[in-house]
Amino acid sequence: MVADVIDGKAFAAAVRGKVAEHVARLKADHGITPGLAVVLVGEDPASQVYVRNKGKQTVEAGMHSVEHRMDRGVSEADLLAMVEQLNADPAIHGILVQLPLPEHLNADLVINAIDPAKDVDGFHISNVGLLGTGQKSMVPCTPLGCLMMLRDRLGSLSGLNAVVIGRSNIVGKPMAQLLLGESCTVTIAHSRTKDIEAVCRNADILVAAVGRPEMVTGNWVKPGATVIDVGINRVPNGEKTKLVGDCDYADCAEVAGAITPVPGGVGPMTIACLLANTVTACCRANGLDEPEGLTV
């Protein structure tokens, strides 16, 4: 068996196309342009690239894009003042403060200062609580993208066994909540899980989000399972480096029914779902129907 490749790059392009169509309708029918503001503190190279890509794709989708760059040494008070300014701006429907923040800034305090209705990252404690209790919330972008691909691949997820490797607040925990919402039987595995290989081999859906390069090998995978590899790890490759996931792709692809590659799998879906969340936030703010197929 050789697994089908779940092409996240193509799927993300389709999501962005749906976003652009909905944005065009909002403009034509209601005179509304969804707006996304990104706040970048410092000059982390990876964050700069990510923010630049976000801005480019926001504009390509026909949306209003705002970027605020602040010095690494910015005070917490000044950063919070910027967040409050964006909270009060009716042209801004989504606010994203790029993480990680410099150590002198309290990331939890900053994230929880964002208006929950504009928290398109889905990290605000109110959105975490709403998601955990099965209520309407802003859903974190990476887990949302994973769920979209799983629904597309499998249709109904009801009754399937799902294992999520990793318990982070950004991916692992919200991914588990989303899968519970789809009526899966969900296990969260982590560094203290006993006989983790056997736990994973019981999964119809295996989501790897642990941040350890190629940790998951083919003998962890149930034959025919769908494997979603969230990991993005840089490893040595001669004098350069290469990107690999949390799964040994070649090994797992011999056993799985379908698998996401790295790169080109989950990664492109994160920004696509950020744009989708911004459109959803805009629709909610204006009392309009949410975009079909772009939310849970």
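Excluded from the calculations below are hydrogen atoms, water molecules and symmetry mates; all remaining heavy atoms, backbone and side chain alike, are included.
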To check you understand the geometry: which heavy-atom pair defines the closest contact between [X] and [Y], and what is its length?
{"X": "Cys247", "Y": "Cys252", "result": "CB-SG, 4.0 Å"}
{"X": "Leu275", "Y": "Ala61", "result": "CD1-CB, 4.4 Å"}
{"X": "Ala162", "Y": "Leu179", "result": "CB-CD1, 3.8 Å"}
{"X": "Glu76", "Y": "Leu109", "result": "OE1-CD2, 3.3 Å"}
{"X": "Cys283", "Y": "Pro291", "result": "SG-CD, 3.9 Å"}
{"X": "Val235", "Y": "Pro213", "result": "CG1-CB, 3.7 Å"}

Under 4.5 Å between any side-chain heavy atoms of [X] and [Y], yes or no?
{"X": "Cys282", "Y": "Asn286", "answer": "yes"}
{"X": "Leu144", "Y": "Met148", "answer": "yes"}
{"X": "Pro140", "Y": "Ile170", "answer": "no"}
{"X": "Ser183", "Y": "Leu157", "answer": "no"}
{"X": "Pro263", "Y": "Leu243", "answer": "yes"}
{"X": "Arg167", "Y": "Arg192", "answer": "yes"}
{"X": "Leu86", "Y": "His68", "answer": "yes"}
{"X": "Lys242", "Y": "Arg234", "answer": "no"}

Flag, side chain of [X] to backbone of [Y], donor-acceptor distance under 3.5 Å:
{"X": "Asn112", "Y": "Asp108", "answer": "yes"}
{"X": "Asp246", "Y": "Val210", "answer": "yes"}
{"X": "Thr33", "Y": "His64", "answer": "no"}
{"X": "Asp229", "Y": "Gly231", "answer": "yes"}
{"X": "Asp121", "Y": "Phe123", "answer": "no"}
{"X": "Asn127", "Y": "Gly122", "answer": "no"}
{"X": "His93", "Y": "Ala117", "answer": "no"}
{"X": "Thr193", "Y": "Ile196", "answer": "no"}
{"X": "Ser47", "Y": "Glu43", "answer": "no"}
{"X": "His124", "Y": "Ser126", "answer": "yes"}

Side-chain ion pair, [X] and [Y], N-O less than 4.0 Å:
{"X": "Arg153", "Y": "Asp4", "value": "yes"}
{"X": "Glu290", "Y": "Lys136", "value": "yes"}
{"X": "Glu197", "Y": "Arg201", "value": "no"}

Kindly indicate, with the supporting measurements, whether the criterion side chain to side chain contact (heavy atoms under 4.5 Å, CB included) is fulfilled by Val120 and Ile95. CA-CA 6 Å; Val120 286; Ile95 301 170; 5.9 Å; no
Could you go through Glu182 and Arg151, starting from their C-alpha distance and side-chain angles, then the distance that decides it, and tell me whether this counts as salt bridge (Lys or Arg N to Asp or Glu O under 4.0 Å)? CA-CA 9 Å; Glu182 298 292 310; Arg151 284 173 166 175; 2.7 Å; yes
[X] [atom1] to [Y] [atom2] distance, which is reported to the nearest 0.5 Å:
{"X": "Gln57", "Y": "Arg16", "atom1": "CD", "atom2": "CZ", "value": "4.5 Å"}
{"X": "Thr58", "Y": "Glu60", "atom1": "OG1", "atom2": "CD", "value": "9.0 Å"}
{"X": "Tyr50", "Y": "Leu99", "atom1": "OH", "atom2": "CG", "value": "10.5 Å"}
{"X": "Met269", "Y": "Ile6", "atom1": "CE", "atom2": "CD1", "value": "10.5 Å"}
{"X": "Glu84", "Y": "Asp89", "atom1": "CD", "atom2": "CG", "value": "12.5 Å"}
{"X": "Asn53", "Y": "Ile271", "atom1": "CG", "atom2": "CD1", "value": "5.0 Å"}

According to a hydrophobic-cluster definition based on side-chain heavy atoms being under 4.5 Å apart (Ile, Leu, Val, Met, Phe, Trp, Tyr only), do [X] and [Y] belong together?
{"X": "Val164", "Y": "Val296", "answer": "yes"}
{"X": "Ile111", "Y": "Val74", "answer": "yes"}
{"X": "Ile259", "Y": "Met215", "answer": "yes"}
{"X": "Val207", "Y": "Leu180", "answer": "yes"}
{"X": "Val221", "Y": "Leu160", "answer": "no"}

For Val230 and Val171, what are the C-alpha separation, side-chain angles and deciding distance, and is it a side chain to side chain contact (heavy atoms under 4.5 Å, CB included)? CA-CA 8 Å; Val230 182; Val171 179; 4.1 Å; yes
Is there a side chain to side chain contact (heavy atoms under 4.5 Å, CB included) between Tyr249 and Glu214 once you walk through the steps? CA-CA 8 Å; Tyr249 180 84; Glu214 300 181 324; over 6 Å; no
[atom1] ([X]) with more than 12 external heavy atoms under 6.0 Å:
{"X": "Asp289", "atom1": "CG", "value": "no"}
{"X": "Lys56", "atom1": "NZ", "value": "no"}
{"X": "Asp71", "atom1": "CG", "value": "no"}

Only one of Asn202, Asp204, Asn161 passes side-chain hydrogen bond (donor to acceptor under 3.5 Å, both in side chains) with Lys222; say which it is.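 Of Asn202, Asp204, Asn161, side-chain hydrogen bond (donor to acceptor under 3.5 Å, both in side chains) with Lys222 is met by Asp204 alone.
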Taking atom types as modelled and ignoring hydrogens, do the side chains of Thr295 and Thr280 form a donor-acceptor contact shorter than 3.5 angstrom?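 There is no such pair (donor and acceptor under 3.5 Å, judged by atom type) between the side chains of Thr295 and Thr280.
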Begin from the C-alpha positions of Met70 and Leu79 and carry the test side chain to side chain contact (heavy atoms under 4.5 Å, CB included) through to its verdict. CA-CA 8 Å; Met70 309 187 82; Leu79 179 54; 3.7 Å; yes
